[in-house]
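Before any comments, here is the structure.
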Amino acid sequence: MSYEPPRPVRGLLLTPEDREAPARVQRLRRLGVGQHPDAELDAFADHLARLAGAPYAMVNFIGERRQFFAGLSVPAATPVPRADGGGPECDRTLPRDHGFCPHVVVRRKALVLEDVRDYPRFAGNPVVDEYGIRSYLGAPLLDGTGMALGTVCAADVTPRAWGREGLETIKALAADLLARIERGARDGLPL
């Protein structure tokens, strides 16, 4: 199954329009995040994966045309296929129309999908077919100006109930991480 670019589906756009993207890209550059893999963000993603009991966890920054996983935790035994169709190494980028994080950023609210196939808007997303993602839990990284810079999220290959505890945990982790990012940028220190 191939994925076509976003188009209206019964009045819904598959990937929401993101008018803040240019300003977000500038803000991410000023903060010094979202352009390169970061060992501290990888450690954060590993911690999130353990807390959530999920095989995948990410710290994802959303640009105008792509997403960049500056922090990434994937199962060692099952490498993530690259978006360009290349070998079995882990690629830290996805087009903006893949996945669920762009929706979280535009909505500025956490998103819980216990089984993505239950939601017509999300069931046809490429990460469902290409990567086998079946459930998702994500929260926005909202900075002091209210801009959503990206997300922290966990994903699983099986449907699952994340529950209120999962939602509250991911929201608290997102707030803590954003405070660390802003403090580091202000003080010129790493995360």
Side-chain angles (χ1 to χ4, degrees), residues 6 13-52 54 56-74 91-113 121-122 125 127 133 135-155 162-191:
L13 187 64
L14 291 178
T15 302
E17 185 176 356
D18 185 357
R19 294 175 192 220
E20 277 193 346
R24 178 182 315 107
V25 169
Q26 293 302 316
R27 177 82 170 124
L28 290 170
R29 285 189 184 125
R30 282 193 304 275
L31 290 169
V33 296
Q35 304 299 314
H36 305 286
D38 185 298
E40 290 185 57
L41 293 177
D42 283 344
F44 179 91
D46 286 340
H47 175 68
L48 172 56
R50 282 190 305 278
L51 278 177
Y56 301 99
M58 287 122 330
V59 177
N60 187 7
F61 296 102
I62 312 294
E64 292 182 69
R65 292 182 184 81
R66 71 177 180 113
Q67 305 173 62
F68 182 74
F69 303 111
L72 182 62
S73 180
V74 299
D91 190 358
R92 288 183 180 258
T93 63
L94 279 179
R96 200 179 82 74
D97 64 348
H98 282 50
F100 315 109
C101 293
H103 295 270
V104 173
V105 166
V106 170
R107 293 165 26 119
R108 289 186 177 87
K109 293 184 348 184
L111 178 64
V112 179
L113 301 170
R121 169 176 262 185
F122 300 116
N125 197 287
V127 298
I133 300 301
S135 58
Y136 172 89
L137 175 66
L141 291 166
L142 297 171
D143 75 2
T145 70
M147 180 180 287
L149 302 177
T151 67
V152 297
C153 64
W162 298 99
R164 168 78 48 203
E165 183 179 340
L167 177 62
E168 295 306 320
T169 297
I170 197 115
K171 288 166 57 175
L173 287 170
D176 289 345
L177 179 59
L178 204 287
R180 288 173 45 197
I181 290 170
E182 288 184 319
R183 186 173 47 252
R186 182 187 66 235
D187 299 338
L189 302 170
L191 298 175

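It should be emphasised that the depicted structure is a prediction, and the values quoted were computed from it without experimental measurement. The residues of the chain are indexed from 1 along the displayed sequence. All heavy atoms count here, side chains included; hydrogens, waters and symmetry mates do not.
When all heavy atoms of Ala148 and Pro140 are compared, the closest pair comes out as CB-CB, 4.5 Å. Annotation for Ala54 and Ala154: closest pair CB-CB, 4.0 Å, computed over non-hydrogen atoms. Contact record, Glu64 with Pro22: OE1-CG, 3.7 Å, taken as the closest heavy-atom pair. Between Ala174 and Ala139, the shortest heavy-atom distance links the atoms CB-CB, 4.0 Å. Counting all heavy atoms, side chain and backbone alike, Glu182 lies closest to Gly144 at OE2-N, 2.9 Å. In terms of heavy atoms, Gly63 sits closest to Ala21 at O-CB, 4.0 Å.
Of the possible polar contacts, none joining the Gln67 side chain to the Cys101 backbone as a donor-acceptor pair under 3.5 Å is found. Arg107 places a side-chain N or O within 3.5 Å of a backbone atom of Ala110 that can act as its donor or acceptor partner. In this structure, the side chain of Arg108 does not engage the main chain of Leu142 through any donor-acceptor pair within 3.5 Å. No donor-acceptor distance shorter than 3.5 angstrom exists from the side chain of Asn125 to the backbone of His98, with no hydrogens or angles considered.
In this structure, OG1 on Thr93 lies 10.5 Å from CG on Asn60, to the nearest 0.5 angstrom. Note: Lys171 NZ to Leu137 CG = 10.5 Å, rounded to the nearest 0.5 Å. To the nearest 0.5 Å, atom CG of residue Asp143 and atom CZ of residue Arg27 are 4.5 Å apart. The CE atom of Met147 sits 11.5 Å away from the CG atom of Leu178 when rounded to the nearest 0.5 Å.
Applying the 6.0 Å contact sphere to CD of Gln26 captures more than 12 heavy atoms from other residues, nucleotides or ligands.
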Practice prompt. Could you walk me through whether Leu141 and Val59 pass the side chain to side chain contact (heavy atoms under 4.5 Å, CB included) test, one step at a time?
Written response: CA-CA 9 Å; Leu141 291 166; Val59 177; 4.2 Å; yes
Item to complete: List the steps, then state whether side chain to side chain contact (heavy atoms under 4.5 Å, CB included) holds for Leu41 with Phe61.
Response: CA-CA 11 Å; Leu41 293 177; Phe61 296 102; 4.0 Å; yes
Item to complete: Check the pair Phe100, Thr151 against side chain to side chain contact (heavy atoms under 4.5 Å, CB included), reporting the backbone distance first and the verdict last.
Response: CA-CA 10 Å; Phe100 315 109; Thr151 67; over 6 Å; no
Worksheet item: How far apart are the C-alpha atoms of Leu94 and Val127, what are their side-chain angles, what is the distance that settles it, and do they pass the side chain to side chain contact (heavy atoms under 4.5 Å, CB included) test?
Response: CA-CA 10 Å; Leu94 279 179; Val127 298; 4.1 Å; yes
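Checked for salt-bridge contact, Arg92 and Asp38 miss the test: no charged N lies under 4.0 Å from a carboxylate O.
Between Ile62 and Val104, the closest side-chain pair of non-hydrogen atoms is not below 4.5 Å. Contact annotation: the side chain of Ile170 never approaches that of Leu51 to less than 4.5 Å [non-hydrogen atoms, C-beta and beyond].
Phe44 is linked by a ring pair (Phe, Tyr, Trp, His ring centres under 6.0 Å) to nothing, counting only residues two or more places apart in sequence or in another chain.
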